[in-house]
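Before any comments, here is the structure.
Please read these numbers as outputs of a predicted model, since none were measured by experiment. Along the sequence shown, the residues carry numbers beginning at 1.
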Amino acid sequence: MATLILPADWIKNWEKSGKHEFVQLCKNLADKTNHDSIIKDIQAALYELCWHVVQGNFKLDLAASVLSDMMELRDDMPSILADVFSILDIETSSLEEKNKRDHYTQLVGACLLFVPDAILKERLDPETLESLGLIKQAHQFNQKIVKIKTKLFYKQQKFNLLREENEGYAKLITELGQDLSGNITSHVVLESIKSLIGCFNLDPNRVLDIILEVYECRSDQDEFFLPLIKSYMCEPLTLCHILGFKFKFNQEPNEETPTSLYHIAAALLHHNLIELEDLYVHLMPLDASIVEEHKREITEAKQIARKLTMVVVPSEKMEDKEREKEKEEEKNDKPPDNQKLGLLEALLRIGDWHHAQSIMDQMPAFYATSHKAIALALCQLLHLTVEPLYRRAGVPKGAKGCVMRPLRNKRAPRPAESFEDLRRDVFSMLCYLGPHLSHDPILFAKIVRLGKGFMKEVQDTLLSCFLSIADQVLLPSLSLMECNACMSEELWGLFKLFPYQHRYRLYGQWKNETYTITLLQNVKPSGRQIGKLSHSNPTILFDYILSQIQWYDNLIGPVVDSLKYLTSLNYDVMAYCIIEALANPEKEKMKHDDTTISSWLQSLASLCGAVFRKYPIELAGLLQYVTNTLKAGKSFDLLILKEVVQKMAGIEITDEMTSEQMEAMTGGEQLKAEGGYFGQIRNTKKSSQRLKDALLDHELALPLCLLMAQQRNGVVFLEGGEKHLKLVGKLYDQCHDTLVQFGGFLASNLSTEDYIKRVPSIDILCNQFHTPHDAAFFLSRPMYGHQILSKYDELKKAEKGNRQQQKVHKYVAACELVMSPVHEAVVSLHPPRVWDDLRPQFYATFWSLTMYDLAVPHNAYDREVKKLQVQVKAIEENPDVPMNKKKKEKERCTALQDKLQEEEKKQLEHVQRVLHRLKLEKDNWLLAKSTKNETITKFLQLCLFPRCIFSAIDAVYCARFVELVHQQKAPNFCTLLCYDRVFSDIIYTVASCTENESRRYGRFLCCMLETVTRWHSDRAVYEKECGNYPGFLTIFRATGFDGGNKADQLDYENFRHVVHKWHYKLTKASVHCLETGEYTHIRNILIVLTKILPCYPKVLNLGQALECRVHKICLEEKEKRPDLYALAMGYSGQLKGRKVHMVPENEFHHKEQPVRSTTTASQLNGPGTTAKPATNASKTEEGACEDADRSKDKSQGAAKPVNKANSTAAKVTTSNGNGAPNRDDKEKSGKEKKEKKEKTPGSTPETKGESRREKQRDERGAAGKEERAPREGKEKTPKADRDKQKAEEKSSKEDNKAKAGNGEPKELSRERDTGAKESKSKEKGGDQSKEKGGDRSSVSGSLKSPVPRSESAESERGKQPDCQHWLCTYTVSADCQ
């Protein structure tokens, strides 16, 4: 009570200032507006004053005086003071100090003058009243109170039963049941009821019960009865008890609560005549029972779903048990109604959403709306609430619709006039309704159309609300609807306005969270059934279909065809389900052997391509998924992009092209489409456009290209850490092939502006985005072509001139304008020393041109035109084809012919312009700052090798470009050296290739060999195409110390020797790769050999050597590595078929006749046959050649000059870029010079002296070698063999002398003699040194593989002189100047 404390100064100085302050305080409190706080504050002030009196601190008369003054402030001040006395009475009665009790009694007695006795008798204790003299005895007073209460509350004075006063109650019922259509109001009837109660002593509660009974019978008269009840009743709790009794009466089994009772209860709640909390406790069943029932229903549903997944064979006993169970359930009494749900439905019918929401909050989620009547009642309320807004923003054009009449109830939810009004009630109603909106498809359509109207106005504040409604209401409702394609299409009209990220999130929650039980099992892949099921439950259906396709890929075709009955929404959900299946973290994307991609991923990729091509499904999600996986450093899913581009754009990427297809791929786009692919994919225009739009709209074109280009190296160095080498190769190939395919799609489908706008310049691509140079030029190449053509067209329009010469000059000018910035940009791609030999112009020209620019495939154009002519003829001759179809097909074929011929003409003009441009540029391509060998090395490293393995068409381009540079007679370009470097050592290149790269490299070698074979086969062709060309200008050096050098053309016979040497080198490299035992080496060389089979091997003994090694591979790998076995068997069969086209070595190139007659037996055995010492000269020559090659390899690996003469020569760089002094070149050029001098009739003394010096040097070298060979191999070579070897050498010297005596040139016989000696010594010493170096030795007499040797072996071998045979001496000079 004591919330206000009076200051002690007021009590001490009461007369002076305390009284005035206290009175002023009470006046201020009395002036306050808040009634409750006034009373409390005044009570506190009076209590404090009285408490000071009780304590004895304040005089009684002063207190009585001021309290008397206080009575004037308010009318209820006596009552307030009595309340204070009542509290003090309780407090003082419990105190032990009697003086305080006496002070209290005296104070109250002093106040009796202005506080009425009646108030004090109500508030104070009887004992206190007795002490004050207000009552005589407290005991008697208490007895009197009990008697009065008993008479008041327990004695019946009114008639409660109808039979007790039937007349009065009859009149009451008549009064309530009269016709209310006139001027009768509730007020008039209420006066009559009061008269009846007073006249017949009717019980007011019974009267109220009868009023409710009549209201229940006349429930449509709300406007009359509700005011009557409101005026009649005085206590809401009494009314609630009467209603509760009525509900209780209907809670017996087999009893139904009438709907009219629910209605009047709802009406009374709605008008606040009763409280929901008071009525709710009278309703059955209890909330705990409802929760248990809900749990039981969920459990039963899960059991039913589980039974659906089990295959149970029915039996008679089980069927009998089920029948008995059903009968027992029927016998059981029907449970009583759920009165809470009945009241909820009535509330919704009259529009009382507030109370209905309170009841639903007491129940489990969606329990109430799972009852159809309640769901329909809530749907009806929603109809009325959204009607005005739907009429304004949701009704489609031309639709009338059924106008809804609003509720007469003014307290119902206000109708929504704007989208913002939906927040008020509509969204919450929909959330309570949940998936049971399915009961009202019309309301479903209205909500969806409102969503579409909202998306047009774009209010970001409500977007999340609509997304939540779609997630919690629309999609679950669609699942519970009977198959309704219209609803699905209607919903797609809304969903397509959302970004795919929002849609996929909704689908994910729909699929993974909305469904708590599996609704679908055993779906037959029938189109109509799939369509019907998919309208309502697409996520579950597609999940099942995709799981089947991952196991059985032969279902892809039927499933894709059956999807034609789907709706647009279903197609979108299909895309999501595919992405979810691809991203499943529980599935391994590799097979168990870790060498191949899993079949389920391949099946899904195939399905993606087929589905996205055939049906209008948005691609953005799938493309973004592939982009994200690439960002994460994973390249498995590129398989999907590859399939999608192949199916939608018709662009195939395969290295297994026929020569005719390859020829067609060098033409225009129309020729590519007609003859470049295995399957003619037609009608790709629309699907290509869809793919292009998806890439451009979401800015994914360039990011995908750059990520793929970067991921190629990522596959090897980041992704492929612990993966099998075979799998890493496949992933690399897949990444590369997809890049080529995707880049080709962009180049052929994007407009010039789109392409140029998106692809940055070459230096930005390489330096900022770290794109490999080959990929960067691949992406930039179409841009250069577009820019040159557009600039060319501008120049033609600016200066009108039709002469061909003028057009060519304009084209060259356009090229200079476009390519000049490129020439400047490429300088930053490589170190400055690179540009000492190659000009940036040459580098950019090589990388910017394609096969389309170099040659016109006239044969391919003619072939395709003839095919179309044959088709036209076949159509005309076919009587089964209708005339209109014949006409269409003929028109199509004729149009294609015209397009192809026009394209051929266009390409021919283009090629002529390009060739003229190259003719003008060629003089500035290559600089002569260093040796030609260095120039060729940089050309191979930076241009030829990177591009020849980029794609199949690039492999052909590289070979043709080399030939073109040769034909253009470009200065400082040595064609012979270029070919020599390409063919001389292919081991390292082959070993570093992937499977697809080896196919392209093989195709490149085949094209190079085709050119060489053409020159080799006919002297006239060679003289015409190579005779006077600078690329075949060579230097033959004398072997003397002061011999001069003379530049000369390589004649035809010597070229044939060189070609044989190249074939031998290829054989040697192939045998080495086959003998390594390494999977990659063997696979790649078999692929390369298969590709070059048309041009190699041509020599019989080389072919036999290969055949022997391949046969060995077949035997060894049959069980261990079946894929290698298959490759080897395939090549072996083809090789045997080509055997008839092989020729002996002496027919392939001019070969000296052997010395001994015993050599014919092994003439054609080649390097792979077993041979003993002192065999024929050809064997000796081959051995010498092999040794020369071996020494050459060593000299390249050691990179040390052998002698002073060789130290001045330039270094020869092999195909993998290693440089070493080439002693062969120096000696062979000198030897060639010496040969020519010997054949000249008049020899000068200088010539004879030089020959004599060379002879002495050769004899010293041979002697030293004879001494070293036995010493190196003494541990392995028996003494008998060494003696035999010496005897053979002696006899060979005698034969040489005899030959010299018979008129043969001495130098030639000496040279052959030296070669024979060296070959024999090398066969022993070389084998021994190889064993010391840890080399793998092949079978007896086989080719020795060029593998690394130890340093001691290298140094010893390096001291030996090179072989002097023609085959080896025609290695191209290191600096052909």
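- Side-chain N or O atoms of His1016 include one that pairs as donor or acceptor with a backbone N or O of Phe1148 at under 3.5 Å.
- Put simply, the residue from Phe1004, Tyr1064, Trp1062 that forms a ring pair (Phe, Tyr, Trp, His ring centres under 6.0 Å) with Phe983 is Trp1062.
- Under the 4.0 Å criterion applied to side-chain N and carboxylate O atoms, Lys631 and Asp637 are not assigned as salt-bridge partners.
- Judged by distance alone, with hydrogens and angles left aside, the side-chain atoms of Arg1109 form no donor-acceptor pair with the main-chain N or O of Glu1075 at under 3.5 Å.
- Between Asp980 and Lys1061, at least one side-chain N (NZ, or NE/NH1/NH2) sits under 4.0 Å from a carboxylate O, which counts as a salt bridge.
- The side-chain contact (heavy atoms from CB on, under 4.5 Å) test applied to Pro831 returns Arg833, Val834, not counting sequence neighbours.
- Contacts of Asp553 classified as salt bridge (charged side-chain N to carboxylate O under 4.0 Å, His left out), with partners at least two apart in sequence or in another chain: none.
- Looking at Ser635 and Tyr732, their side chains never bring a donor and an acceptor atom within 3.5 Å of each other.
- Between the side chain of Thr771 and the main chain of Leu765, a donor-acceptor pair closer than 3.5 Å is present.
- The aromatic ring centroids of His773 and His830 lie less than 6.0 Å from each other.
- The pair Glu1117-Arg1083 does not count as a salt bridge, with every side-chain nitrogen at least 4.0 angstrom from each carboxylate oxygen.
- No donor-acceptor pair under 3.5 Å is formed between the side chain of Arg1003 and the backbone N or O of Ile949.
- Partners of Glu643 by side-chain hydrogen bond (donor to acceptor under 3.5 Å, both in side chains), not counting sequence neighbours, listed by chain and number: Lys647.
- Taken to the nearest 0.5 Å, the CZ atom of Phe846 stands 5.5 Å off from the CZ atom of Arg947.
- Listed for the Gln550 side chain is no donor-acceptor partner under 3.5 Å among the backbone atoms of Leu604.
- Not one N or O on the side chain of Asp954 forms a donor-acceptor pair closer than 3.5 Å with the backbone of Cys948.
- Between Asp1123 and Tyr1079, the side chains place a donor N or O and an acceptor N or O closer than 3.5 Å (distance only, hydrogens not considered).
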Show every donor-acceptor pair shorter than 3.5 Å between a side-chain atom in residues 1133-1142 and any protein atom, with sequence neighbours excluded, or say none if there are none.
residue, atom, partner, partner atom, Å
Gln1134, NE2, Gly1130, O, 3.4
Arg1138, NH2, Pro1094, O, 3.0
Lys1139, NZ, Glu1107, OE1, 3.0

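- We find that Lys730 and Glu995 are not joined by a salt bridge, their nearest charged nitrogen and carboxylate oxygen being 4.0 Å or further apart.
- Side-chain rings of Phe778 and Phe742 stay apart, their centers remaining 6.0 Å or farther from each other.
- By the side-chain hydrogen bond (donor to acceptor under 3.5 Å, both in side chains) test, Asn628 is found to be paired with Gln624, residues two or more places apart in sequence or in another chain being considered.
- Judged purely by atom type and a 3.5 angstrom limit, Asp733 uses its side chain to pair as donor or acceptor with the backbone of Asn996.
- The ring of Tyr988 has its center no closer than 6.0 angstrom to the ring center of Phe945.
- Residues passing the side-chain hydrogen bond (donor to acceptor under 3.5 Å, both in side chains) test with Thr975, sequence neighbours excluded: His966.
- Taking CG of Leu1086 as the reference point, atom CG of Leu1127 lies at 5.5 Å (rounded to 0.5 Å).
- A distance-only check finds no donor-acceptor pair linking the side chain of Tyr1125 to the backbone of Ile1113 [under 3.5 Å].
- Here Ile1092 contributes atom CD1 and Leu1089 contributes atom CG; the two are 5.0 Å apart, rounded to the nearest 0.5 Å.
- In this structure, Gln661 contributes its side chain and Thr658 its backbone to a donor-acceptor pair below 3.5 Å.
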